[in-house]
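Contents: one structure, followed by commentary.
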Amino acid sequence: MDGLNDYRTARVAQVLNDFRTLQYYIAAAPVDPPNTDDYYTEGWAALRQCAIDGQHILNCAADVTVPRASGGEAEQQKAELRQILLDAYARRHEGQKIYLRQAAAQKWIENRDAVLQGMRPSSAHRRQLRACDDQLRVELSQITDESIYQELQTSDITMGHWTAEDPSLRQVQRWVRARPQTT
């Protein structure tokens with residue numbers, strides 16, 4: 001036994017708490033525009049997809065397959081805690097990705113509203129609305145697994161969290177790929 005199971009348990013609790021907070025924000029984001037004519041616009045479509053993705057990451061089953069560890073109960077607990085940490089860490093990672101996509105889409109709504117100033121879209125707005133759409137696409141393309149992983153890792157270290165056994169980006173990506181969306 002390495003004596004680190006208390007640290008592992010605390011780390012799992014920290015990551016799960018982060019994920020729970022992200023889920024709250026994801027669920028609270030709007031998905032339907034005030035005007036139904038805007039339903040299929042890029043920003044509103046992105047927000048609806050975020051809601052679907054948030055529900056998926058919440059609903060996908062935990063991987064409870066933990067290899068039998070030799071060395072007794074403490075080693076088995078260590079193996080289980082590592083598996084739970086991977087599950088929680090990957091969910092938090094995906095939650096952060098969804099949250100950032102929602103933030104970009106909500107910024108798009110604000111920018112679009114500023115262009116329209118309460119009016120309905122017309123040919124006079126076409127260039128400015130296209131610029132809003134282009135900006136949304138740029139912001140969404142900048143939300144990468146690598147940037148999210150680095151951002152979360154930096155935050156954890158800055159906050160003084162124990163990160164010695166955090167999963168790698170590759171492990172997180174493998175976890176996500178093993179849970180494809182069925183809808």
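The side-chain heavy atoms of R112 and V115, taken from C-beta on, include no pair separated by under 4.5 Å. Within the 4.5 Å cutoff, the side chain of H93 has heavy atoms near those of the Y149 side chain. Annotation: side chain of P121 is in contact with side chain of L116 (closest heavy-atom distance under 4.5 Å). Taking 4.5 Å as the limit, some side-chain heavy atom of Q173 sits within range of a side-chain heavy atom of E146. Side-chain contact between R8 and D2 is present, with at least one heavy-atom pair separated by less than 4.5 Å. Side chains of Q106 and L47 form a contact here, defined as non-hydrogen atoms less than 4.5 Å apart. By the 4.5 Å heavy-atom criterion applied to side chains, S155 and H161 are not counted as neighbours. Side-chain contact between R130 and R126: present, with at least one pair of heavy atoms (C-beta onward) separated by less than 4.5 Å.
Between the CZ atom in R101 and the CD atom in Q49 there is a gap of 6.0 Å [rounded to 0.5 Å]. The structure places NE2 of H56 at 8.5 Å from CD1 of I98, a figure rounded to the nearest 0.5 Å. The line from CD of E94 to CD of Q96 is 11.0 Å long, rounded to the nearest 0.5 Å. For the atom pair CG (L86) and CD (E165), the distance works out to 12.5 Å, reported to the nearest 0.5 Å.
Just one of D18, T21, N17, D87 meets the side chain to side chain donor-acceptor pair (under 3.5 Å) condition when paired with R92; it is D18.
Side-chain N/O atoms of D32 and W44 include no donor and acceptor closer than 3.5 Å.
V138 and L136 fall into different hydrophobic clusters, where Ile, Leu, Val, Met, Phe, Trp and Tyr side chains are chained together by heavy-atom contacts under 4.5 Å. Both I109 and L100 belong to a single network of hydrophobic side chains, linked directly or stepwise wherever heavy atoms of I, L, V, M, F, W or Y lie under 4.5 Å apart.
Without hydrogens or angle criteria, D145 side chain to L169 main chain gives no donor-acceptor distance under 3.5 Å. Using a distance-only test at 3.5 Å, with no hydrogens or angles considered, a donor-acceptor pair links the side chain of T154 to the main chain of Q150. R11 places no side-chain N or O within 3.5 Å of a backbone atom of L81 that could act as its donor or acceptor partner. Side-chain N or O atoms of T144 include one that pairs as donor or acceptor with a backbone N or O of S147 at under 3.5 Å.
Using a 4.0 Å cut-off between a side-chain N of Lys or Arg and a carboxylate O of Asp or Glu, R137 and D134 qualify as a salt bridge. A salt bridge is defined here as a Lys NZ or Arg NE, NH1 or NH2 lying under 4.0 Å from an Asp or Glu carboxylate O, and D53 with K97 fails to meet this definition.
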Next on the checklist: Using the rule given for side chain to side chain contact (heavy atoms under 4.5 Å, CB included), can you reason through T163 versus I157, listing the C-alpha separation, both sets of side-chain angles and the distance that settles it, and then say yes or no?
Outcome noted: CA-CA 7 Å; T163 60; I157 291 168; 4.0 Å; yes
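Under a cutoff of 6.0 Å and an axis angle of 45°, R179 and W175 form a cation-pi pair.
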